[in-house]
Amino acid sequence: MSNHLSQQHCPLENTSTFAEEKPNIPSTIPPTNADTLFEAQTYLRLFSHEQNHSLLDIQRLADVTHEIQQTGTYRQTDEELVYGAKVAWRNNTRCIGRLFWKNLLVRDMRHLTTAKDVFQALVEHLFIATNKGKLKPVTTIFAQQLPGQEGIRIWNPQLIRYAGYKQADGTILGDPLTVSLTEQIRRLGWQGGAMTPFDVLPLVVQMPGQQPQLFELPSESVLEVPFSHPEYAWFTELGLKWHALPAISDMSLDLAGIRYTAAPFNGWYMGAEIGARNFGDERRYNLLPLIAKKMGLATNSTRTLWKDRALIELNVAVLHSFAQQGVTIVDHHTAAQQFIQHERQEKAVGRRTPADWGWIVPPLSGSTMPVFHCEYENTIDKPNFFAQPLPY
């Protein structure tokens, strides 16, 4: 963040302590036994402290140390896994919704060994998290990556994504973000959907050392919200909709020296993610010119602020439509206030709140948010969720 922003407007003095700043990407170098042991020991001390255990479990530490020395890795207990996944959410500097980190439902699916079983667990994740519109934060964690081997991979960036079809004239039908993935999935045998702007992509699951497998999501597992506007009756004629659940599925969970390369997780949407980014971005659905035309706005000059006016009404439609369907969503003002509340709670227990300012400030009306006027340190702590190289 640029230094011209005055800290005096920040509702909470930043509480960051000194820490090594690292990029939010995974290391491509396999961890050594020493690295794994160090991270395991560090987490076990944090786990003991934050779970109010009177003493560090010396026997557990000794067992983990022995297992790592013998095999290069170890198996975490159910309790270590559950709490570590919650802390990973708390540590993620790009998430504005961390106030609810303690409420994360952690599903331990480390015992599954086939792509079909993994897929079935993903479908269950969708049903549990969607909860008929009353969304729940959920993560489903599959088997850890073993030393010297590839881990389980889910090719899709989210469990629910719309296809992007490149047309002969160079235009894109659907979501331009997924054109490459859509082409890869079609090479695997998918014939394509109904060729609409909102065809749900099948999931691709790849087990270690095996070929990727393709699975169609059952329609009943994907809740979608049709869009309308509280004032513009023509809005329904546009045929717009979006899926209710944002479930990230291509990141790895790096937890105490263990990498879980398949650990999909979800919260719920902030309205601007759909209205300002998915629909508003020129490199996505690029709907602002259409909305402006339907509103009768003059688009021949940027000084008319037609983009801004169209953007606001598009976001009004998103929030209105989710509310009409009884589906959980948060507006960007509320999300920013919730993040400030999270900061206060963390400060009260002696923890700092690192953040990536460019991600924490919403993409709509940024300067009206309390987070806009704060400075944050983008320090990356573990446990955490990290991006991974594309599997294809």
Participant: Determine whether more than 12 heavy atoms belonging to other residues, nucleotides or ligands lie under 6.0 Å from atom CZ of Arg277.
Facilitator: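 At most 12 heavy atoms, drawn from other residues, nucleotides or ligands, come within 6.0 Å of this atom.
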
Participant: Do His111 and Asp117 have side-chain N/O donor and acceptor atoms under 3.5 Å apart?
Facilitator: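 Asp117 and His111 do not have a side-chain donor-acceptor pair below 3.5 Å.
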
Participant: Taking Leu201 as the starting point, is it possible to reach Ile160 by hopping between hydrophobic residues whose side chains are less than 4.5 Å apart?
Facilitator: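 No; tracing contacts between hydrophobic side chains, which count when under 4.5 Å, never links both residues.
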
Participant: Do Thr93 and Asn378 pair up side chain to side chain, a donor and an acceptor below 3.5 Å, judged on atom types alone?
Facilitator: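 On atom types as modelled, these side chains qualify, holding a pair under 3.5 Å.
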
Participant: Can you tell me if Arg107 has over 12 outside heavy atoms packed within less than 6.0 Å of its CZ?
Facilitator: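 Counting neighbours around CZ of Arg107, more than 12 heavy atoms of other residues, nucleotides or ligands fall under 6.0 Å, so yes.
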
Participant: Regarding Asn384 and Asn92, is there a side-chain donor-to-acceptor distance under 3.5 Å anywhere?
Facilitator: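 Asn92 and Asn384 do have a side-chain donor-acceptor pair below 3.5 Å.
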
Participant: Applying the 4.5 Å side-chain criterion to the ILVMFWY set and letting contacts propagate, would Leu188 and Phe215 be lumped into a single cluster?
Facilitator: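 No, Leu188 does not connect to Phe215 through the hydrophobic network.
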
Participant: Does the side chain of Glu343 come under 3.5 Å of the side chain of Tyr376 through a donor N or O and an acceptor N or O?
Facilitator: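 There is such a pair (donor and acceptor under 3.5 Å, judged by atom type) between the side chains of Glu343 and Tyr376.
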
Participant: Take the angle between the ring planes of Trp357 and Phe372 and call it parallel below 30°, perpendicular above 60°, tilted in between.
Facilitator: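 It falls in the tilted class, 30° to 60°.
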
Participant: Are Ile258 and Leu46 in one and the same hydrophobic cluster, where Ile, Leu, Val, Met, Phe, Trp and Tyr link if side-chain heavy atoms are under 4.5 Å apart?
Facilitator: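 Looking at the clustering, Leu46 is in the same group as Ile258.
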
Participant: Would you say the side-chain atoms of Ser228 pair up with the backbone N or O of Ser321, donor to acceptor, closer than 3.5 Å?
Facilitator: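 Side chain of Ser228 to backbone of Ser321, a donor-acceptor pair under 3.5 Å: no, none is there.
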
Participant: For Phe198, is the CZ atom crowded, meaning more than 12 foreign heavy atoms sit under 6.0 Å from it?
Facilitator: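 Yes, the 6.0 Å shell around CZ holds more than 12 heavy atoms from other groups.
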
Participant: Is it the case that the side chains of Thr36 and Asn33 hold a donor-acceptor pair, with the cut-off being a distance below 3.5 Å and no angle test?
Facilitator: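 Side chains of Asn33 and Thr36: no pair found under 3.5 Å.
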
Participant: Counting heavy atoms not belonging to Glu220, are there more than 12 under 6.0 Å from its CD?
Facilitator: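 Yes, the 6.0 Å shell around CD holds more than 12 heavy atoms from other groups.
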
Participant: Are Tyr74 and Gln76 close enough that a side-chain donor and a side-chain acceptor fall under 3.5 Å?
Facilitator: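 Yes, Gln76 and Tyr74 have a side-chain donor paired with an acceptor closer than 3.5 Å.
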
Participant: Under 3.5 Å, is there a donor-acceptor pair linking the side chains of Gln144 and Thr73?
Facilitator: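 Per modelled atom types, Gln144 and Thr73 side chains form a pair under 3.5 Å.
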
Participant: Using the six-membered ring wherever Trp is involved, compare the ring planes of Trp155 and Tyr392 and label them parallel, tilted or perpendicular (cut-offs 30° and 60°).
Facilitator: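 Taking Tyr392 first and then Trp155, their aromatic rings sit tilted (interplane angle of 30° to 60°).
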
Participant: Verify the distance criterion only: is there a donor paired with an acceptor across the side chains of Arg352 and Thr379 at less than 3.5 Å?
Facilitator: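 Per modelled atom types, Arg352 and Thr379 side chains form a pair under 3.5 Å.
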
Participant: I'd like to know whether CD of Gln167 has more than 12 heavy-atom contacts from other residues, nucleotides or ligands below 6.0 angstrom.
Facilitator: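 For Gln167, atom CD is crowded (more than 12 foreign heavy atoms under 6.0 Å).
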
Participant: Hey, which of Trp89, Phe339, Trp268 is the one that makes ring-ring contact (aromatic ring centres under 6.0 Å, His included) with Phe100?
Facilitator: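 Answer after filtering Trp89, Phe339, Trp268: Trp268.
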
Participant: Of Glu216, Glu224, Arg161, which is the lone residue that meets side-chain contact (heavy atoms from CB on, under 4.5 Å) with Val200?
Facilitator: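 Output: one option passes, namely Glu224.
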
Participant: Kindly check if the number of other-residue, nucleotide or ligand heavy atoms within 6.0 Å of CD (Glu150) is above 12?
Facilitator: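 At most 12 heavy atoms, drawn from other residues, nucleotides or ligands, come within 6.0 Å of this atom.
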
Participant: With clusters defined by side-chain heavy atoms of hydrophobic residues (ILVMFWY) lying less than 4.5 Å apart, directly or transitively, does Leu217 cluster with Ile185?
Facilitator: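 No; Leu217 is not reachable from Ile185 via cluster members.
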
Participant: Taking the inter-plane angle between the rings of Tyr232 and Trp234 on a 0 to 90° scale, is it parallel (under 30°), tilted (30 to 60°) or perpendicular (over 60°)?
Facilitator: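 Tyr232 and Trp234: parallel rings.
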
Participant: Quick check against the 3.5 Å criterion: does Thr65 have a side-chain atom that pairs as donor or acceptor with the backbone of Leu61?
Facilitator: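 Confirmed, Thr65 side chain pairs with Leu61 backbone.
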
Participant: As a test of understanding, state which of Phe227, Phe279, Phe322 forms a ring-ring contact (aromatic ring centres under 6.0 Å, His included) with Trp242.
Facilitator: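 Only one option passes, and that is Phe279.
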
Participant: Are Tyr83 and Val138 connected into the same hydrophobic cluster when the rule is that any two of I, L, V, M, F, W, Y join if their side-chain heavy atoms are below 4.5 Å apart?
Facilitator: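 No: no chain of side-chain contacts under 4.5 Å links Val138 to Tyr83.
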
Participant: Please check if the side chain of Gln191 supplies one atom and the backbone of Gly189 the other of a donor-acceptor pair under 3.5 Å.
Facilitator: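 Between the backbone of Gly189 and the side chain of Gln191 there is a qualifying donor-acceptor contact (under 3.5 Å).
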
